[in-house]
Student: 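This is the structure I have questions about; it appears just below.
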Amino acid sequence: MCCLCLQAMDFESFYQQVHQQALERNFVRFRNRVLVSVDAYHLLSLKEKEIFNQSYPLVLVFDRIERFITFNAQSGVGVSTQRGSHLQFDIAYYETLKDIGMSGKIHAMCVLPYFDKCILLGFAMF
């Protein structure tokens, strides 16, 4: 997928494109890392995940916040989503996540296999 195509897509269309290509095993790459939707990732077998995770791919998680699970200056902010993902963000996202609030919709990209080093898409970090 070319960069110009991404500029014309909204987040939902982008997620669907990444998801479809992941199902076809024609993975989208972002900054030389494989990018997969959380839905496609959960469809992988345990063995496939083990192999897949060796290169620390990226995962898109588009969901709603269920609850904040952690907050501290060293590890940042953790949230759980309504569909059971547990995401870890830098502390700089605390105010933004707080403003989004419970049941608020988030678009995040995280590093697998731990769903950490997440960034919010469409929101400034500071």
Side-chain angles (χ1 to χ4, degrees):
M1 181 182 309
C2 69
C3 293
L4 295 176
C5 299
L6 294 178
Q7 293 173 354
M9 285 187 170
D10 61 30
F11 282 129
E12 298 304 323
S13 298
F14 177 61
Y15 184 89
Q16 288 305 318
Q17 183 66 41
V18 169
H19 178 68
Q20 185 60 42
Q21 286 188 228
L23 292 177
E24 296 167 357
R25 302 297 196 263
N26 178 23
F27 298 105
V28 172
R29 291 197 166 267
F30 178 76
R31 294 188 178 171
N32 212 26
R33 284 186 164 173
V34 170
L35 179 62
V36 64
S37 68
V38 69
D39 297 307
Y41 179 72
H42 287 308
L43 292 174
L44 296 174
S45 70
L46 184 57
K47 183 69 171 169
E48 287 175 310
K49 284 180 184 176
E50 287 174 6
I51 294 167
F52 191 73
N53 290 337
Q54 291 175 0
S55 63
Y56 298 99
L58 303 171
V59 62
L60 290 177
V61 180
F62 288 16
D63 205 344
R64 294 189 178 276
I65 296 173
E66 176 75 15
R67 63 188 168 96
F68 285 89
I69 55 174
T70 60
F71 167 73
N72 73 50
Q74 286 77 35
S75 65
V77 182
V79 300
S80 287
T81 67
Q82 289 181 344
R83 295 188 313 170
S85 295
H86 305 290
L87 315 178
Q88 191 69 34
F89 293 89
D90 186 273
I91 195 168
Y93 284 110
Y94 175 72
E95 289 297 326
T96 303
L97 289 165
K98 192 170 119 182
D99 289 345
I100 293 169
M102 299 305 162
S103 300
K105 192 170 187 178
I106 60 171
H107 300 114
M109 182 168 35
C110 306
V111 178
L112 288 170
Y114 304 112
F115 290 81
D116 63 350
K117 300 175 188 72
C118 297
I119 61 169
L120 282 176
L121 304 175
F123 290 92
M125 188 165 136
F126 301 99

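Index from 1, following the sequence.
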Student: Considering all heavy atoms of both residues, which atom of Y15 and which atom of L60 are nearest to each other, and what is their separation?
Tutor: CE1-O, 3.5 Å
Student: Who are the side chain to side chain donor-acceptor pair (under 3.5 Å) partners of S103, not counting sequence neighbours?
Tutor: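 If we apply the side chain to side chain donor-acceptor pair (under 3.5 Å) test to S103, skipping adjacent residues, there are no hits.
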Student: With sequence neighbours left out, write down each residue that passes side chain to side chain donor-acceptor pair (under 3.5 Å) with R31, or none if nothing qualifies.
Tutor: none
Student: Can you give each donor-acceptor pair under 3.5 Å made by side-chain atoms of residues 111-120, sequence neighbours left out, with the distance rounded to 0.1 Å?
Tutor:
none

Student: Report the hydrophobic cluster partners of L23, with the cluster defined as I, L, V, M, F, W, Y residues connected by side-chain heavy atoms closer than 4.5 angstrom, directly or transitively.
Tutor: L43
Student: Ignoring hydrogens and angles, tell me if any N or O in the side chain of D63 forms a donor-acceptor pair with the backbone of R83 under 3.5 Å.
Tutor: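 Yes, because the side chain of D63 sits within donor-acceptor range (under 3.5 Å) of the backbone of R83.
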Student: Specify whether F89 and Y93 have parallel, tilted or perpendicular ring planes, treating 30° as the upper limit for parallel and 60° as the lower limit for perpendicular.
Tutor: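 It falls in the perpendicular class, over 60°.
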Student: Which word best sums up how the rings of F62 and F11 line up, parallel for under 30°, tilted for 30 to 60°, or perpendicular for over 60°?
Tutor: perpendicular
Student: Would you please name every residue forming a side chain to side chain donor-acceptor pair (under 3.5 Å) with N72, sequence neighbours left out?
Tutor: S75
Student: For Q21 and Q17, test the side chains for any donor-to-acceptor distance below 3.5 angstrom and give the result as yes or no.
Tutor: yes
Student: Is there a side-chain hydrogen bond (donor to acceptor under 3.5 Å, both in side chains) between Q54 and E50 once you walk through the steps?
Tutor: CA-CA 7 Å; Q54 291 175 0; E50 287 174 6; over 6 Å; no
Student: Please report the closest heavy-atom contact between C110 and L87, naming both atoms and the distance.
Tutor: SG-CD2, 3.9 Å
Student: L97 and F68: which non-hydrogen atoms are nearest, and at how many Å?
Tutor: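 Taking L97 first and F68 second, the nearest heavy atoms are O-CZ, 3.5 Å.
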Student: Which atoms form the tightest heavy-atom contact between S85 and V38, and what is the distance?
Tutor: OG-CG2, 3.8 Å
Student: Just by distance, do the side chain of S80 and the backbone of E66 share a donor-acceptor pair under 3.5 Å?
Tutor: no
Student: With sequence neighbours left out, what residues match E12 under side chain to side chain donor-acceptor pair (under 3.5 Å)?
Tutor: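 Applying side chain to side chain donor-acceptor pair (under 3.5 Å) to E12 gives K105, H107.
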